[in-house]
Amino acid sequence: MSGPETVDRALMTAAVVCVVVAGALLLVRISRGPSMLDRAIALDVFAAVVIAGLGAKSAFARDSFYFPIMLVLAFLGFTGSVGIARFIAVRDKPLSRRRAAGGGERT
């Protein structure tokens, strides 16, 4: 193995190790998160870590098969984050604002 190949393999191995460590730390944050918002953010970052892991695998194998999968995962992560943010925003609204936005009280 030549010098550049050795450096290339070492950098890819370091990238995979970083992705695995980040995934493990995110799983801890998801399980221990003090609030629902912390867990939601950790799930969004976990989607990014999965995409980074697929990118590292694709670079390691020198194969572009995973690029469309990464694109779909990025889209799903974005839409999931927006949905969770809207849910949390509605849930955390003060009661007086909910009544004003809902058009009054029901009896």
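Hydrogens, waters and symmetry mates play no part in the numbers below; they use all other heavy atoms, side chains included. The structure displayed is predicted, hence computed values, not measured ones.
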**Message:** To check you understand the geometry: which heavy-atom pair defines the closest contact between Phe60 and Arg9, and what is its length?
**Reply:** CZ-NH1, 3.0 Å

**Item:** Within residues 69-81 or reaching into it, pairs that qualify as side chain to side chain donor-acceptor pair (under 3.5 Å) - sequence neighbours excluded
**Value:** Asp44-Ser81

**Request:** Quick one: list whatever passes side chain to side chain contact (heavy atoms under 4.5 Å, CB included) with Phe65, sequence neighbours left out.
**Result:** Asp63, Ile69

**4.5 Å side-chain heavy-atom contact, Phe46 and Arg29** = no

**Request:** Please report the shortest heavy-atom distance between Ala22 and Val49, naming the atom on each side.
**Result:** CB-CG2, 4.2 Å

**Remaining members of hydrophobic cluster (4.5 Å side-chain criterion), Val17** = Val21, Leu25

**Asked** With hydrophobic residues grouped by side-chain heavy-atom distances under 4.5 Å, do Leu27 and Leu73 end up in a single group?
**Response** yes

**Request:** Would you name the heavy atoms of Ala42 and Leu26 that are closest together and state the gap between them?
**Result:** O-CD2, 3.8 Å

**Item:** Phe67: partners by side chain to side chain contact (heavy atoms under 4.5 Å, CB included), with sequence neighbours left out
**Value:** Ser58, Ser64, Met70

**Message:** Which Ile, Leu, Val, Met, Phe, Trp or Tyr residues join Val72 in one cluster when any pair of side-chain heavy atoms under 4.5 Å counts as a link?
**Reply:** Leu76

**Request:** State plainly whether one hydrophobic cluster holds both Val50 and Val19, where clusters connect Ile, Leu, Val, Met, Phe, Trp and Tyr through side-chain heavy atoms under 4.5 angstrom apart.
**Result:** yes

**Message:** Check for me, please, whether Val16 and Tyr66 land in the same ILVMFWY cluster - side-chain distances under 4.5 Å, paths through other members count.
**Reply:** no

**Request:** Return the set of residues passing side-chain hydrogen bond (donor to acceptor under 3.5 Å, both in side chains) with Ser35 (not counting sequence neighbours), or none when no residue passes.
**Result:** Asp38

**Asked** How about Arg39 and Pro34: do any of their side-chain heavy atoms sit closer than 4.5 Å?
**Response** no

**Request:** Mind listing the closest non-hydrogen atom pair of Ala47 and Gly77 along with its distance?
**Result:** CB-CA, 4.5 Å

